[in-house]
Amino acid sequence: MSQSQNTQSPKEILQEIETLKRERNAVIIAHNYQPSEIQDLADYTGDSLDLSRIAAQTSASVIVFCGVKFMGETAAILSPGKTVLLPVPEAGCTLADHASAEEIREMKKKHPGALVVTYVNSSAAVKAESDICCTSANAVDIVKAIDPSRQIIFAPDYNLGHYAAKKTKRDMILWNGCCPTHALLSTLAVEEARKKWPKAIFMMHPECRPQALELADYIGSTSAMIRYAKQQPAGTEFIVGTEIGLLHRLRKDNPEKTFHVASEFLVCPMMKMISPHDVRDSLKKMQHVVSVPEDIRVKAKAAVEAMLLYTGNPAKTAD
Ligand code: 13P
């Protein structure tokens, strides 16, 4: 721990971040699962789709990405002229690690002619092997829009793929990956939460297991849950079946409603690695720059842009 880390108050750190941000012409963006203090200091918070749109369109020269590695990579893929910083480079994603580019190439060989739809929770190299990306916010619509005669390989999240297949009645080749945090929400935990809060609306992320999703009242991405909760009347009670970080935003936006996390195990350790000190150090030392090899970036960008074009928000990038 540096000398300044020991002596500076939280307020002084925030002030230093503000000053550095202006000097660097930087923007701080944070995923909905980040710790509360990071969400509060960020210029924008959002789900994976929101954040990739912001990364594509910002006029800032530096993007400080408070999230995990694949999110920083997506920003770097879309914004080659900008510097993307990931304050803690070790913040990865176990789900993304479930598929390698080599494995996707093998799968394509096995199923020639199949279209590869890849969840953004994947490495840049995997995106480079894909035809189109999706997020949890648009997976169903993207699958629905694909020519029904084309076979689809959906990677790397089995649960999201299963959910999209069910909603679209498509028979897809599903990868066998999952988010270990969402996978922890068992049907038993769902039933216990229901018993504890019988009047609550149960919201769940589509990364939860199919058996758990069967028991949900509402299924959506983190931003979809934020919108849905806002639409419900004051006094409504919710059980939230996703990473605990989302509860900060839900409570902030809806002080007159009650939110319970579905299980105390819904904590992604990777999403909890960044502190305000790390954000400050990242801006001060311009560390840790996310870079994607150019040949991979160009191919991955085509898959991410195919998604952004589809969702009516074409990326405005330099190349
Ligand atoms: P959202 O796109 O809903 O924010 O989800 C991202 C994610 O990483 C879920 O684990």
Can you list the steps and then say if K21 with V64 is a side-chain contact (heavy atoms from CB on, under 4.5 Å)?
CA-CA 9 Å; K21 225 170 65 178; V64 181; over 6 Å; no
Flag the pair [X] / [Y] as yes when at least one side-chain heavy-atom distance between them is below 4.5 Å, and no otherwise.
X	Y	value
K108	E129	yes
P276	P10	no
L85	I63	no
T58	I29	no
L213	P210	no
V62	M286	yes
K69	V290	no
L14	E18	no

Short side-chain donor-acceptor distance under 3.5 Å, [Y] and [X]:
X	Y	answer
D278	S275	yes
D157	H162	no
N32	T222	yes
E207	Y119	yes
S100	E103	yes

Over 12 foreign heavy atoms within 6.0 Å of [atom1], [X]:
X	atom1	result
D147	CG	yes
K257	NZ	yes
Y44	OH	no

When you group the ILVMFWY residues by side-chain heavy-atom contacts below 4.5 Å and let the links chain together, are [Y] and [X] in the same group?
X	Y	value
V116	V120	no
F265	W197	no
I201	I244	yes
M107	V126	yes
V143	I153	no

Closest heavy-atom pair and its distance - [X], [Y]:
X	Y	value
F238	A229	CZ-CA, 3.8 Å
L250	M225	CD2-O, 4.0 Å
Y158	W175	CB-O, 3.1 Å
A303	S130	CB-O, 3.7 Å
S263	L185	CB-CD1, 4.1 Å
A164	V140	CA-CG2, 4.1 Å

Atom pair [atom1] ([X]) and [atom2] ([Y]), whose distance is rounded to the nearest 0.5 Å:
X	Y	atom1	atom2	answer
L95	C179	CG	SG	6.5 Å
R297	K127	CZ	NZ	13.5 Å
K196	I239	NZ	CD1	9.5 Å
D50	S223	CG	OG	4.0 Å
D47	R227	CG	CZ	7.5 Å
L115	R150	CG	CZ	4.5 Å

Give a yes or no on whether the backbone of T135 and the side-chain of N138 come within a donor-acceptor separation of less than 3.5 Å.
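Side chain of N138 to backbone of T135, a donor-acceptor pair under 3.5 Å: yes, one is there.
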Between S79 (side chain) and K82 (backbone), is there a donor-acceptor pair under 3.5 Å?
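Absent.
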Testing H31, K272, Q34, H205 for side-chain hydrogen bond (donor to acceptor under 3.5 Å, both in side chains) with E243, which one passes?
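The residue from H31, K272, Q34, H205 that satisfies side-chain hydrogen bond (donor to acceptor under 3.5 Å, both in side chains) with E243 turns out to be K272.
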Assess whether side-chain contact (heavy atoms from CB on, under 4.5 Å) is satisfied between C133 and E305, documenting all intermediate values.
CA-CA 8 Å; C133 285; E305 280 194 335; over 6 Å; no
Quick one: sort the Y33 and H182 rings into parallel, tilted or perpendicular, breaks at 30° and 60°.
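Plane angle between 30° and 60°, so tilted.
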Before you tell me yes or no, could you show the steps for T74 and V304 under side-chain contact (heavy atoms from CB on, under 4.5 Å), namely the whole-Å CA-CA distance, both residues' side-chain angles and the distance that decides it to 0.1 Å?
CA-CA 8 Å; T74 307; V304 179; 4.2 Å; yes
Less than 4.0 Å between a side-chain N and a carboxylate O, is that true for [Y] and [X]?
X	Y	value
R249	D253	yes
E191	R194	no
K284	E16	yes
K199	E237	no

Audit row: V279, C66, side-chain contact (heavy atoms from CB on, under 4.5 Å) steps and yes/no:
CA-CA 8 Å; V279 175; C66 298; 3.9 Å; yes
Tell me which one of T236, L246, V240 satisfies side-chain contact (heavy atoms from CB on, under 4.5 Å) with F259.
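The single option meeting the side-chain contact (heavy atoms from CB on, under 4.5 Å) with F259 is V240.
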Check the pair H98, N121 against side chain to side chain donor-acceptor pair (under 3.5 Å), reporting the backbone distance first and the verdict last.
CA-CA 10 Å; H98 273 284; N121 296 39; over 6 Å; no
Salt bridge (Lys or Arg N to Asp or Glu O under 4.0 Å) between E192 and K195: does it pass, once the steps are laid out?
CA-CA 5 Å; E192 276 173 10; K195 262 189 229 148; over 6 Å; no
